[in-house]
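Read the structure below first, then the notes.
When a ligand or atom number is given, it counts from 1 through the structure's own listing order.
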Amino acid sequence: MMTIQENISLKKYNSLGIDVKARFLCHYKTPIDLNYLITEGPLNRDIEMIILGGGTNQLFINDFEGVVIHPINDSIELVSEDSDFVYIKADAGLEWDKLVAYAVDKGYGGIENLSDIPGNVGASPVQNIGAYGVEAKDTIHEVHLVSFHDGSTMTLSNKECLFGYRTSIFKHKFKNRYLVDSVTFKLAKNPVFVTHYGNVAAELEKKETVTLQNIRDVIIGIRSSKLPKPSEISNAGSFFKNPILPEIEANALKKQFPEMPIYPASNGQVKLAAGWLIEQCGLKGYTASNGKAGIHDKQALVIVNKGNASGSDILEVSHFAQMKVFEKFDINLEPEVIII
Ligand code: EPU
């Protein structure tokens with residue numbers, strides 16, 4: 001029987017540490033739980049609903065008067081293998097980095113660059129999480145879903161997920177229609193290492209050999225030098241997406257700001273670094289006047305809760321950063337964090 005809590009604070013369920021209440025918090029383990037919620041539980045009426053995984057990418061502004069579904073299933077299973085690949089099925093509620101640690105320990109390659117990303121496995125296809133030249137879509141084989149309509153199960157192939165930069169079908173067409181129950185990853189027995197991003201290669205040179213474990217260690221080192229740990233400073237990772245512009249617009253900006261980092265993106269477009277843009281506006285380390293929220297002093301893409309910030313305090317800082325970047329660069333920053 002699934003656990004359902006009523007009128008409960010979500011403070012410990014969101015990494016920004018915002019103290020809002022949920023009308024219902026339902027701890028999901030199996031498709032039977034969702035079936036129960038739909039037929040007899042609080043979902044059998046017209047009520048708002050959200051899925052909350054690790055809560056590392058959500059900003060709550062108000063109490064949520066609906067049903068919050070929080071997956072807590074957390075097993076890992078090797079479902080099949082051939083001479084080159086293993087197929088690992090991981091439950092949505094499993095902490096993402098536990099899956100990475102497992103894969104690295106077993107010598108399975110493909111997700112080691114995604115070490116130390118906060119959040120749970122269920123968000124990996126939704127967000128198409130990415131870091132250091134790798135995205136979840138590169139290894140996601142299938143996504144296993146449960147329907148909010150009738151509790152039936154369904155599996156989507158990688159192609160059917162319509163992955164893009166920090167997006168997928170689960171953010172638009174399938175939003176609130178299906179719950180991600182588990183994800184099957186296709187991992188390589190003979191890994192091809194991806195080391196071209198930033199200073200990954202330089203850091204690896206300090207190690208004797210390039211191994212999955214050494215890549216994982218280097219990436220954890222780089223991340224912890226820039227990104228605040230939510231357990232120490234409440235935050236939701238990158239608050240904004242890196243903007244993607246047509247090449248012609250990016251080139252015009254590059255003429256004006258020659259030191260601006262640019263990266264090739266798909267369809268001949270160019271990706272800019274939102275953190276750089278925000279830093280150029282003098283906002284790295286910024287603190288709002290009430291002292292409760294601000295911008296991280298080592299990575300300007302991260303908005304931090306400096307103590308008892310409300311959702312609106314965080315939102316205000318984000319609007320301020322958006323305004324400054326627009327004034328200086330004529331670019332609209334789009335939040336990566338989902339605002340609820
Ligand atoms: N930069 C600055 N100032 C800053 C931040 C960045 O000048 O305050 C510059 C850096 O020097 C670098 C460039 O911007 O030249 C890119 O910075 P970085 O490599 O730190 O990555 P990012 O583009 O800021 C993205 C992801 C991160 C991911 C890193 C590493 C997005 C929105 N963010 O950040 O993902 O860890 O690349 O691959 O795509 C997340 O999504 O929550 C997240 C942390």
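Inclusion of Tyr197 in the set of residues having an N or O under 3.5 Å from an N or O of ligand 1 is warranted. Checking only distances, Gly133 never comes within under 3.5 Å of ligand 1, N or O to N or O. Checking only distances, Tyr132 does come within under 3.5 Å of ligand 1, N or O to N or O.
Applying the 4.0 Å criterion to heavy atoms of Arg223 picks out, from ligand 1, the atoms 36 (O). Close approach of ligand 1 to Phe240 (heavy-atom distance below 4.0 Å) involves ligand atoms 32 (C). Atoms of ligand 1 found under 4.0 Å from any heavy atom of Ala300 (numbered from 1 in listed order, with element): 4 (C), 8 (O). Taking a cut-off of under 4.0 Å to the non-hydrogen atoms of Glu279, the atoms of ligand 1 that pass are 2 (C), 3 (N), 4 (C), 7 (O), 8 (O). Near Pro261, meaning under 4.0 Å from one of its heavy atoms, ligand 1 places the atoms 15 (O). Ligand-side atoms of ligand 1 in range of Tyr165: 31 (C), 32 (C), 39 (O), range being under 4.0 angstrom from any heavy atom. Atom numbering of ligand 1 starts at 1 in the shown order; those under 4.0 Å from a heavy atom of Gly237 are 42 (O). Heavy-atom proximity to Lys284, at under 4.0 Å, picks out these atoms of ligand 1: 8 (O).
Grouping the Ile, Leu, Val, Met, Phe, Trp and Tyr side chains by contacts below 4.5 angstrom, directly or via other members, places Leu315 with Ile278. Tracing side-chain contacts under 4.5 Å through hydrophobic residues (I, L, V, M, F, W, Y), one never reaches Val302 starting from Ile129; they form parts of separate clusters. Linking ILVMFWY residues whenever their side-chain heavy atoms come closer than 4.5 Å, directly or via other members, places Phe185 and Tyr132 in the same cluster.
Connectivity analysis of hydrophobic side chains (ILVMFWY, heavy atoms under 4.5 Å, direct or indirect) links Val79 to Phe85, Tyr87.
Of the heavy atoms in Tyr263, only side-chain atoms (C-beta onward) come closer than 4.0 Å to ligand 1. For Gln299, heavy-atom contacts with ligand 1 shorter than 4.0 Å involve the backbone as well as the side chain.
With hydrogens left out, the protein atom closest to atom 9 (C) of ligand 1 is Trp276 CB, 4.0 Å, a heavy atom. What sits closest to atom 41 (O) of ligand 1 on the protein, heavy atoms only, is Arg166 NH2, 2.9 Å. For atom 34 (O) of ligand 1, the closest non-hydrogen atom on the protein side is Leu301 CD2, 4.0 Å. Distance from atom 25 (C) of ligand 1 to its nearest protein heavy atom, with residue and atom name: Asn242 ND2, 4.0 Å. Closest to atom 14 (O) of ligand 1, if we only count protein heavy atoms, is Ala273 CB, 3.2 Å. In terms of protein heavy-atom proximity, atom 44 (C) of ligand 1 is closest to Ser238 OG, 3.2 Å.
Atom NZ of Lys189 sits in a crowded spot, with more than 12 heavy atoms from other residues, nucleotides or ligands closer than 6.0 Å. Within 6.0 Å of CD on Gln5 lie more than 12 heavy atoms contributed by other residues, nucleotides or ligands.
At a 4.0 Å cut-off, not a single heavy atom of Gln127 sits close enough to ligand 1 to count as contact.
Between Glu279 and Lys284 there is a salt bridge, since a side-chain N of the basic residue sits under 4.0 Å from a carboxylate O of the acidic one.
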